[in-house]
Amino acid sequence: MTLRIGLILPDLLGTYGDSGNAVVLAHRARARGHDAQVLTVHYGEPIPDSLDIYALGGGEDVAQSLAAAHLLADGGLARAVERGAPVLAICAGLQVLGEWFTDAEGRRVQGCGLIDARTTPSGSRMIGELAVKPSSLLADWAVDDVLLGFENHGGRTELGPDAAPLGEVLSGWGNGAKDGATDGRLDGAIAGSVLGTYAHGPVLARNPQLADALLARALGVGVADLAPVEVELQQRLRAERAAAAKVKL
Ligand code: GLN
């Protein structure tokens, strides 16, 4: 099988190297002997609904409004999610897949409605290292390592009852908290086969377990069926990022 990875609108949603998530998925698939192809879908192009996995990155306020309008009008990603295709959405990608978000001019912009989430301006930017303890729901994806990344956003995301957070923030802001509260912060969202997080990095380079969880879903195999890849290198990289975030792995 050739794994077909959709890199969705990197011309709009591609900040902080997030397009690297598709590269990491392809690399880790090939390292296990699978063919892998990254299909880049640019703004204005139709989004195929038949791909095996989809990656959306972060973006600036104007860019993400354009992305939201295109995704909504096209409908291809929504059809893919309906059949259970795994989707990874980072920062603006997460916001765009929600019900709505507020743009730079304070207008409410309709999102794709694939995640029960709403995003409003927090009044200040949340920038720095992000570390997240995975929620117990991520155990279903065989992810229990602390997730590490870098965040830079002004939006604060609130989840509704049909979405669960990806995890609990150990360091950083994640989805943000009302009135800048410093405890009980959560990051990201899990909504069926859609995973969202505020972690750039790209997040899959920093968190190989998360990469393999998505890969296993896309390939239709168990995570345990994937042979270990570059374990020592990954551990060194993670230790470095954990030190930057001042968290213990
Ligand atoms: N424009 C969004 C915000 O500032 C998302 C930023 C990003 O993707 N890094 O909240």
**Student:** Glu151 side chain to Gly174 main-chain N or O, any donor-acceptor pair under 3.5 Å?
**Tutor:**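 It does hold such a pair.
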**Student:** Run through the side-chain heavy atoms of Ile, Leu, Val, Met, Phe, Trp and Tyr, join any pair under 4.5 Å, and report what else lands in Leu72's cluster.
**Tutor:**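 Leu72 shares its hydrophobic cluster with no other residue.
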**Student:** So do Ile5 and Leu39 actually touch side chain to side chain, heavy atoms under 4.5 Å?
**Tutor:**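 Contact flag for Leu39/Ile5 side chains = no.
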**Student:** Judged by modelled atom types alone, do Asn152 and Arg125 share a side-chain donor-acceptor pair under 3.5 Å?
**Tutor:**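 Arg125 and Asn152 do have a side-chain donor-acceptor pair below 3.5 Å.
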**Student:** Okay, side chain of Ser171, backbone of Ala245: is any donor-acceptor separation there less than 3.5 Å?
**Tutor:**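 Yes, because the side chain of Ser171 sits within donor-acceptor range (under 3.5 Å) of the backbone of Ala245.
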**Student:** Taking salt bridge (charged side-chain N to carboxylate O under 4.0 Å, His left out) as the test, write out the residues that go with Asp212, two or more places apart.
**Tutor:**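 Here the qualifying residues are Arg28, Arg32.
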**Student:** Tell me whether Gln209 contacts the main-chain N or O of Asp144 through its side chain, where contact means a donor paired with an acceptor under 3.5 Å.
**Tutor:**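 Yes, because the side chain of Gln209 sits within donor-acceptor range (under 3.5 Å) of the backbone of Asp144.
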**Student:** Of all residues at least two apart in sequence or in a different chain, which pass the side-chain hydrogen bond (donor to acceptor under 3.5 Å, both in side chains) check with Asp162?
**Tutor:**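 Listed in chain order: nothing, the list is empty.
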**Student:** With a 4.5 Å heavy-atom cut-off, do Val247 and Leu148 have their side chains touching?
**Tutor:**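 They are in side-chain contact.
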**Student:** Among residues at least two apart in sequence or on other chains, which ones pass salt bridge (charged side-chain N to carboxylate O under 4.0 Å, His left out) with Asp49?
**Tutor:**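 For Asp49, the residues satisfying salt bridge (charged side-chain N to carboxylate O under 4.0 Å, His left out) (neighbours in sequence not counted) are Arg79.
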**Student:** Can a side-chain donor-acceptor contact be found between Thr120 and Thr102 if the only test is distance below 3.5 angstrom?
**Tutor:**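 The answer is no; no qualifying pair exists.
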**Student:** Which atom names give the shortest non-hydrogen contact between Val143 and Pro134, and what distance separates them?
**Tutor:**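 Reported closest heavy-atom pair: O-CB, 3.9 Å.
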**Student:** Any donor-acceptor pair under 3.5 Å linking the side chain of Ser122 with the backbone of Gly154?
**Tutor:**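 Answer holds: yes.
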**Student:** What's the shortest heavy-atom distance between Val24 and Ala211, and which atoms?
**Tutor:**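 That would be CG1-CB, 4.2 Å.
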**Student:** What I'd like to find out is whether the side chain of Val132 reaches to under 4.5 Å of the side chain of Leu170, using heavy atoms alone.
**Tutor:**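 The answer is no, as the side chains (C-beta and beyond) never meet within the 4.5 Å cut-off.
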**Student:** Report the residues that fulfil ring pair (Phe, Tyr, Trp, His ring centres under 6.0 Å) with His34, sequence neighbours left out, ordered by chain and then residue number.
**Tutor:**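 None.
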**Student:** Ring pair (Phe, Tyr, Trp, His ring centres under 6.0 Å) with Tyr54: which residues, sequence neighbours excluded?
**Tutor:**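 Counting only residues at least two positions away or on another chain, Tyr54 forms no ring pair (Phe, Tyr, Trp, His ring centres under 6.0 Å).
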**Student:** Side chain to side chain contact (heavy atoms under 4.5 Å, CB included), that's the test. Do Arg4 and Ser50 meet it? Break it down for me.
**Tutor:** CA-CA 9 Å; Arg4 298 172 79 220; Ser50 59; 3.6 Å; yes
**Student:** Around Glu60, counting heavy atoms of other residues, nucleotides and ligands shown, do more than 12 lie under 6.0 Å from its CD?
**Tutor:**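 Open: at most 12 neighbouring heavy atoms sit under 6.0 Å from CD of Glu60.
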**Student:** With hydrophobic residues grouped by side-chain heavy-atom distances under 4.5 Å, do Ile90 and Leu159 end up in a single group?
**Tutor:**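 Cluster IDs for Ile90 and Leu159 differ.
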**Student:** Looking at Asp187 and Tyr198, would you say the former's side chain and the latter's main chain have a donor-acceptor pair under 3.5 Å?
**Tutor:**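 Checked: pair present.
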**Student:** If you define the side chain from C-beta out and look only at heavy atoms, does anything of Leu219 sit under 4.5 Å from Asp52?
**Tutor:**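 Answer no - side chains too far apart.
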**Student:** If I take atom CG from residue Leu13 and atom CD from residue Gln95, how far apart are they, to the nearest 0.5 angstrom?
**Tutor:**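 The distance works out to 10.0 Å.
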**Student:** Can Val81 be reached from Val41 by stepping across I, L, V, M, F, W or Y side chains whose heavy atoms are under 4.5 Å apart?
**Tutor:**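 In one cluster with Val41: Val81, yes.
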**Student:** Please list, chain by chain and in numerical order, all residues satisfying ring pair (Phe, Tyr, Trp, His ring centres under 6.0 Å) with Tyr16, sequence neighbours excluded.
**Tutor:**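 Tyr16: ring pair (Phe, Tyr, Trp, His ring centres under 6.0 Å) contacts with Phe150, His200.
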**Student:** Same cluster or not: Ile8 versus Val62, using hydrophobic residues (I, L, V, M, F, W, Y) connected whenever any side-chain heavy atoms lie under 4.5 Å apart?
**Tutor:**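 No, no single cluster joins them.
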**Student:** When the side chains of residues 220-234 are checked against the rest of the protein, which donor-acceptor pairs come out under 3.5 Å, sequence neighbours left out?
**Tutor:**
| from | atom 1 | to | atom 2 | distance (Å) |
| --- | --- | --- | --- | --- |
| Asp225 | OD2 | Gly222 | N | 3.0 |
| Glu230 | OE2 | His27 | NE2 | 3.0 |

**Student:** Name all residues meeting the side-chain hydrogen bond (donor to acceptor under 3.5 Å, both in side chains) criterion together with Arg83; count only those two or more places apart in sequence or in a different chain, and write none if there are none.
**Tutor:**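 For Arg83 there are no side-chain hydrogen bond (donor to acceptor under 3.5 Å, both in side chains) partners, ignoring immediate neighbours.
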**Student:** Can you give me the closest heavy-atom contact between Ala218 and Leu3, atom names plus distance?
**Tutor:**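 In this case the closest contact between Ala218 and Leu3 is CB-CD1, 3.7 Å.
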**Student:** Quick one: list whatever passes salt bridge (charged side-chain N to carboxylate O under 4.0 Å, His left out) with Arg217, sequence neighbours left out.
**Tutor:**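 None.
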**Student:** Under 3.5 Å, side chain of Thr2 to main-chain N/O of Ala36, donor-acceptor pair present?
**Tutor:**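 The answer is no, because no donor-acceptor pair under 3.5 Å joins these two groups.
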**Student:** May I ask you to decide whether Arg185 forms a salt bridge with Glu168, counting only side-chain N to carboxylate O separations under 4.0 Å?
**Tutor:**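 Not counted as a salt bridge, because no side-chain N and carboxylate O are separated by less than 4.0 Å.
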**Student:** Is the shortest side-chain heavy-atom distance between Cys91 and Gln64 below 4.5 Å?
**Tutor:**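 No, too far: nothing below the 4.5 Å cut-off.
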**Student:** Is it true that the side chains of Ser65 and Asp103 contain a donor and an acceptor less than 3.5 Å apart?
**Tutor:**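 There is no such pair between these side chains.
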**Student:** If every non-hydrogen atom of Ala164 is compared with every non-hydrogen atom of Leu137, which pair is closest and at what distance?
**Tutor:**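 For Ala164 versus Leu137, the nearest heavy atoms are CB-CD1, 3.2 Å.
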**Student:** Side-chain contact test, heavy atoms from C-beta onward, threshold under 4.5 Å: evaluate it for Glu158 versus Asn175 and give yes or no.
**Tutor:**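 A side-chain contact is absent here, since even the closest heavy-atom pair is not under 4.5 Å.
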**Student:** With the threshold set at 4.0 Å, does a side-chain nitrogen-carboxylate oxygen contact exist between Glu240 and Arg238?
**Tutor:**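 Arg238 and Glu240: not salt-bridged.
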**Student:** What about Val169 and Met126, same hydrophobic cluster or not, with Ile/Leu/Val/Met/Phe/Trp/Tyr joined at side-chain heavy-atom distances under 4.5 Å?
**Tutor:**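 Val169 does not cluster with Met126.
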**Student:** Taking ILVMFWY side chains as joined if any heavy atoms are under 4.5 angstrom apart, and letting links pass through other members, which residues group with Leu186?
**Tutor:**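 Members other than Leu186 - counting any ILVMFWY side chain reachable under 4.5 Å - there are none.
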**Student:** Please answer: with hydrophobic residues joined when any side-chain heavy atoms are less than 4.5 Å apart, are Val146 and Leu88 in the same cluster?
**Tutor:**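 No, because Val146 and Leu88 fall into different hydrophobic clusters, even though each may have its own neighbours under 4.5 Å.
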**Student:** Any heavy-atom pair between the side chains of Asp116 and Pro161 that's under 4.5 Å?
**Tutor:**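 Answer yes - side chains close enough.
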**Student:** Filter on ring pair (Phe, Tyr, Trp, His ring centres under 6.0 Å), then keep only pairs touching residues 62-120, sequence neighbours left out; what's left?
**Tutor:**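 Qualifying pairs, neighbours excluded: Tyr43-His70.
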**Student:** Do the side chains of Leu97 and Leu56 get nearer than 4.5 Å, heavy atoms only?
**Tutor:**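 Result yes, sub-4.5 Å side-chain heavy-atom pair found.
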**Student:** Closer than 3.5 angstrom, by distance alone: can the side chain of Asp18 be matched with the main-chain N or O of Pro202 as a donor-acceptor pair?
**Tutor:**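 Side chain of Asp18 to backbone of Pro202, a donor-acceptor pair under 3.5 Å: no, none is there.
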